[in-house]
Every structure is written in C-alpha cells, then in structure tokens.
Amino acid sequence: MREHVVIIGSGMMGSGIGAMSALAGNKTILVDVEESRVLAGKERAVSCIRLRQEQGLNTAEEARRAETLLETSPDTEQAAGSARMVIEAIVENLQAKQQLFEKLDRILPTDVPICSNTSGLRITDISSLCQHPERTVTTHFWLPAHLVPLVEVVMGDKTDEQLAVKVRDELKAWKKSPVLVRRDLPGQLANRVFQAIIRESIAIVASGLATAEDVDTAISCGMAMRFPEWGPLKHLDAIGLDLGLSVQETVLPDINRDGCANDYLKKLVEDGNLGVKTGKGFYDWSKRSIETDMAKRDQFIIEAVKATSRLDQTEAGGENR
Ligand code: NAI
C-alpha cells in the first residue's frame, strides 16, 4: 500500500522536512546515498521534533508518535515502492536532480506527486527527462524547514494545477504556510522580493547613506516587526492606495534599478571578504558569533510562530496563513 511520504536527501533540509512530515502524522522515509547519512539525517530530524515539542510548537504525544513514524532507507527504489508522495532534497545540481526525477518518474505510478526542494533551479528543467512532468512541482521549504512556515509551491511549464493545489493543501495539513506560484521564474516568489530588498540595502551602504548595521536595524526593527502578521500589500490597503501611489512616485525614481550585482558587493568578494566564512563581510565576524546570532534568530522565529498561531485561533482572518 502506498502510504509513505518519501524524502530523498536527508541533509540539512531533508531532515527538517522529514520532521514536519512525521509530526503531521505521515509515515515518513528518509533516504540518502548511504546508511551513515540516513542515520545522521534521522538523528537531525529527531532533534527538530524534540525542539518543537520543548518549545511548545507540538504536543508530547505528536512528538512521540512522529518519532515512531520516521523510517530510513539507503535505497531510493525500495523506498519509492510505498511512496504516496516524494520530496527530493538532494544537492543543488541540475544533472543529479534530472537523473533522479527520470528514475522516479519511471518507477512511480502517475498519480504520485514528485516534488523538488530546489532553491534556484527550474522544476521545468529538473523534470525535462520525465514522461509525466505534469506530476512534478517545486516545494521550496525555507531554512530552518522545521521552523519557518513558508513553502513555495512552484508550478513548472507542464505542472498540472490540480496537482499543485493538492500538494499545497497537503502542506497546509503539515502546519506549513504554502503559497502557490504559477510560473517557473528565477527566485520563485519570495526570493524575488528578498533580492529587491538586498539590492537596495547594498546600494544604501555603497552610497554611504547608512552603515550595514543601521540598514539591518532599520529593516529588523521597522518593517520586519510588522511582516509576520502584516505584509506590504495589506499595508498599502491600510494606508490607502492613493498615498501608496504618491510615495512610489517620489521614491522609486531615486532607488536602485540595476539589472546586475552591485560593484560594491563584487569588490568585497574580489577582496576575499565573504562574510562569516572568512571572518569579514558587511560585519567584522572576528568580534561576533554567528552561532549566537543564529540561536537568537531561531528563538525569534519560534516566538513569532507561536504568536501568529495564537492570533489564528482568536481571529477569523487567518484564511491565507
Ligand atoms: P545537504 O548537502 O545538507 O544535503 C543533501 C543530501 O542529499 C546529502 O546528505 C547527500 O548525501 C544527499 N544526496 C545527494 N545525492 C543523492 C541522491 N542521488 N540520492 C539520495 N541522496 C542524495 O543539502 P541541503 O542544504 O539540505 O539542500 C538540499 C536541497 O535543498 C538543495 O536543492 C538546496 O538548494 C535546497 N535548499 C537549501 C536551503 C539551505 O538553506 N540549505 C534552503 C532551501 C532549499
């Protein structure tokens, strides 16, 4: 009987995705190229489950059951034998993903969705060797996958919309906040918006308008405070579209419209200033700890997820969450 969610690639993303699948009550198989990797992936998935329980995001009963639902396999074909849904989370390499998709497409019945967690490749290209690309779709979880609610469900040129909607609805049942993206473009949806923010942020630092730290503070302590509950388009409706239009007419002509990476960023990279991995980027990492900052980030996400689910329970307006 086909009753398993099969996650292929049990690295950083696959283990978090596997945790969310098992917490939603699915029999889940984590697959990787060798036994030691799947076992390490399962260990990470169990840590994700326990963290969610400790933080009150899941009950003790949900966590206990999830651990019993997690299985592992070093054999893709064998795991696919009982799959009702497959999520691929292997390395970000087009050829490797194409080969895997071709194989899965050959061995799985045509009603089994094959999903890719690709962050930058087109599902249209990943499924180009498949006989049934209509059952392929991107499900782009955001890191850390066991905490960030967003999943971008991106349709390829040949994806069946009903299939994409079915996958989106499945992910809603996993307590995720999936969005449907109807065209297969670079950056999917959220990274298109994020890149616009990054482009202007770098331009502000490059022009000397403000320091990197002040740009981050302006975003983190300003607009980002509203974002978990109040996106920019809701904000426009709230302030009035006439005011929104007038601000656009004043500000847009003055902000960055470059169609390529900023020279300031190119120079940092050329000089070997790559950020945390070399000790210097926009910040001097010899004086800061990325581990501390990451722990603070994750704790903030946990508190935001708790707060937004509390609001969902008390308000009727959470239909898009
Ligand atoms: P990772 O390197 O931590 O894990 C990939 C795993 O896939 C490894 O354990 C590897 O052994 C396994 N693998 C490789 N080829 C395989 C095959 N043919 N069959 C079975 N297993 C195989 O990588 P990570 O970070 O988990 O990324 C996975 C995917 O998720 C990539 O497509 C990446 O672009 C995407 N992604 C990554 C994010 C991130 O921030 N790390 C965020 C969102 C998406």
Side-chain angles (χ1 to χ4, degrees), residues 4-21 28-48 70-81 83 86-108 114-127 129-130 136-154 156 167 171 174 176-179 181 184 186-195 198 275-277 290 293-294 297-298 301:
H4 284 92
V5 173
V6 174
I7 317 286
I8 305 181
S10 53
M12 186 149 57
M13 294 304 292
S15 48
I17 296 169
M20 292 310 292
S21 168
T28 303
I29 307 179
L30 288 175
V31 179
D32 211 298
V33 288
E34 56 190 48
E35 193 70 32
S36 62
R37 292 210 181 189
V38 274
L39 292 180
K42 181 170 175 185
E43 218 169 281
R44 269 192 303 275
V46 168
S47 308
C48 296
L70 268 183
E71 299 167 38
T72 58
S73 171
D75 184 336
T76 299
E77 288 193 32
Q78 192 192 35
V86 174
I87 301 180
E88 166 275 310
I90 68 166
V91 281
E92 185 79 343
N93 174 295
L94 178 59
Q95 229 182 352
K97 287 189 195 280
Q98 279 175 333
Q99 279 169 8
L100 179 60
F101 267 61
E102 190 276 327
K103 176 157 128 186
L104 291 168
D105 184 54
R106 213 169 356 95
I107 58 180
L108 286 166
I114 311 175
C115 313
S116 174
N117 190 51
T118 180
S119 40
L121 300 169
R122 277 160 40 90
I123 187 69
T124 308
D125 298 330
I126 292 172
S127 64
L129 305 177
C130 297
T136 66
V137 69
T138 294
T139 48
H140 180 221
F141 288 72
W142 275 47
L143 183 76
H146 60 295
L147 295 180
V148 178
L150 176 64
V151 185
E152 293 169 278
V153 178
V154 185
V167 168
L171 295 173
W174 293 18
K176 290 307 217 181
S177 300
V179 294
V181 186
D184 199 7
Q188 301 165 342
L189 184 166
N191 265 324
R192 293 171 81 82
V193 176
F194 191 33
Q195 280 303 323
I198 289 174
V276 173
K277 60 183 155 189
I290 189 67
D293 285 359
M294 267 187 197
R297 177 201 67 184
D298 287 356
I301 296 171

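Residue indices begin at 1 and follow the sequence shown. Each ligand, and each atom within it, is numbered from 1 in the order the structure gives. Please read all numbers here as calculations on a predicted model, not as lab measurements. Worth knowing before you read on, the calculation uses all heavy atoms, side chains too, and leaves out hydrogens, waters and symmetry mates.
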Heteroatom distance test ([X], ligand 1): nitrogen or oxygen, under 3.5 angstrom:
X      : value
His140 : no
Ser10  : no
Ile8   : no
Asn117 : yes
Leu100 : no

[Y] backbone acceptor or donor facing [X] side chain under 3.5 Å:
X      : Y      : answer
Glu88  : Gly9   : no
Glu34  : Pro74  : no
Asp184 : Thr124 : yes
Gln98  : Asp125 : yes
Lys97  : Ile90  : yes

(request) May I ask you to identify, for Phe141, whether its side chain, its backbone, both or neither come under 4.0 Å of ligand 1 on a heavy-atom basis? (result)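 Backbone only; the side chain of Phe141 stays clear of ligand 1.
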(request) Examine the proximity of ligand 1 to Arg37 and report which part, side chain or backbone, both or neither, has a heavy atom under 4.0 Å away. (result) side chain
(request) Would you tell me which option among Glu92, Arg44, Gln99 has the nearest heavy-atom contact to atom 32 (O) of ligand 1? (result)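 The nearest heavy atom belongs to Glu92.
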(message) Regarding atom 28 (C) of ligand 1: of the candidates Val31, Val33, Ile90, which has the closest heavy atom?
(response)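 Selected option, by shortest heavy-atom distance: Ile90.
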(message) Heavy-atom contact check, 4.0 Å cutoff: does Ala96 meet ligand 1?
(response)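 No; Ala96 lies far enough from ligand 1 that no heavy-atom distance drops under 4.0 Å.
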(request) Scan the protein's non-hydrogen atoms and note whether one is under 4.0 Å from atom 23 (O) of ligand 1. (result) no
(request) Could you tell me whether atom 30 (O) of ligand 1 has a protein heavy atom closer than 4.0 Å? (result)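 Under the 4.0 Å cut-off, atom 30 (O) of ligand 1 does have protein heavy-atom neighbours.
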(request) Say whether Glu71 and Thr28, considering side chains only, have a donor N or O and an acceptor N or O under 3.5 Å apart. (result)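 Result is no, nothing qualifies.
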(message) Distance check, rounded to the nearest 0.5 Å: Thr72 atom OG1 versus Glu35 atom CD?
(response) 5.5 Å
